[in-house]
Amino acid sequence: MFGWLRRRARRPQPEARWTVEVDAHHLQITDDAGTVKRLAKRDLTGVAIETNDSGPWGTDLWWLLLGPDDRVACAYPQGATGENAALDYLTALPGFDFAQMGQAMGSTENAFFPVWQKA
């Protein structure tokens, strides 16, 4: 009788359709449409978190990875598949700002939180 509920509960969240991969030399993001963006770790110049007021129904937290021109090279939403490996790498960067990350995680407004910048 409640089979529809079980099927619905197993459906992944939309953010999980994004994939983040980390290897020895690159960060790679595949978005929900299948578009792949790849950034060499040596070219990563900054990391920021952008929040918006679309939660809890919308994707309200995005990780922004800045490239050599200090512009967003790729981005992925919180909840992306492979996010834990990316978080392990990003939070281990020297000087990563955990206080800013904490503020971003609690934000329900449209805001921008720089959490790391290459020295």
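Predicted, not measured: the structure shown is a model, and the values here were computed from it. FYI, side chains are in, hydrogens and waters are out, and symmetry mates aren't considered; it's all heavy atoms of this structure.
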| field | Considering all heavy atoms, the nearest I29-A75 contact | value | CG2-O, 3.5 Å
| field | Polar side-chain atom of D32 near backbone of E15 as donor-acceptor pair, under 3.5 Å | value | no
| said: For the backbone of A16 and the side chain of T81, can you confirm whether one donor and one acceptor N or O come within less than 3.5 Å of each other? | reply: yes
| message | Using only atom types and a distance under 3.5 Å, with no angle test, would you say the side chain of K118 pairs donor to acceptor with the backbone of R42? | response | yes
| message | Looking at K37, I want to see if its NZ is surrounded by more than 12 non-hydrogen atoms of other residues, nucleotides or ligands under 6.0 Å. | response | no
| How far does CE of M101 sit from CD1 of I49, to the nearest 0.5 angstrom? | 6.0 Å
| request: List the atom of L39, the atom of A73, and the distance in Å for their closest heavy-atom pair. | output: CD1-CB, 4.0 Å
| W63 and W18: aromatic ring centres closer than 6.0 Å? | no
| query | Going through the distances and angles, do F112 and L64 end up as a side-chain contact (heavy atoms from CB on, under 4.5 Å)? | reply | CA-CA 10 Å; F112 183 81; L64 311 177; 3.6 Å; yes
| request: State, yes or no, whether a side-chain contact exists between V47 and L65 at a heavy-atom distance under 4.5 Å. | output: yes
| query | Can you check whether P94's main-chain N or O pairs, donor with acceptor, with W116's side chain at less than 3.5 Å? | reply | yes
| message | Looking at every heavy atom in both T51 and S107, which two are closest together, and how far apart are they? | response | OG1-OG, 3.1 Å
| query | Heavy-atom count around Q28 CD within 6.0 Å, excluding the residue itself: above 12? | reply | yes
| Backbone N or O of D31 within a donor-acceptor pair of the T35 side chain at under 3.5 Å? | no
| message | Can you confirm whether K41 sits close enough to V22 that some side-chain heavy atom of one is under 4.5 Å from a side-chain heavy atom of the other? | response | yes
| query | Is there a side-chain contact between E83 and Q78, using heavy atoms and a 4.5 Å cut-off? | reply | yes
| Minimum heavy-atom distance A86-V20, with the two atoms named | CB-CG1, 3.4 Å
| note | Nearest heavy-atom approach of H26 to R38 is ND1-NH2, 2.9 Å
| Do the side chains of D60 and T108 get nearer than 4.5 Å, heavy atoms only? | no
| message | Please give me the minimum heavy-atom distance between L90 and F96, naming the atom from each residue. | response | O-CD1, 3.2 Å
| query | Please walk me through it: do L93 and L44 pass side-chain contact (heavy atoms from CB on, under 4.5 Å)? | reply | CA-CA 11 Å; L93 292 167; L44 180 66; 4.0 Å; yes
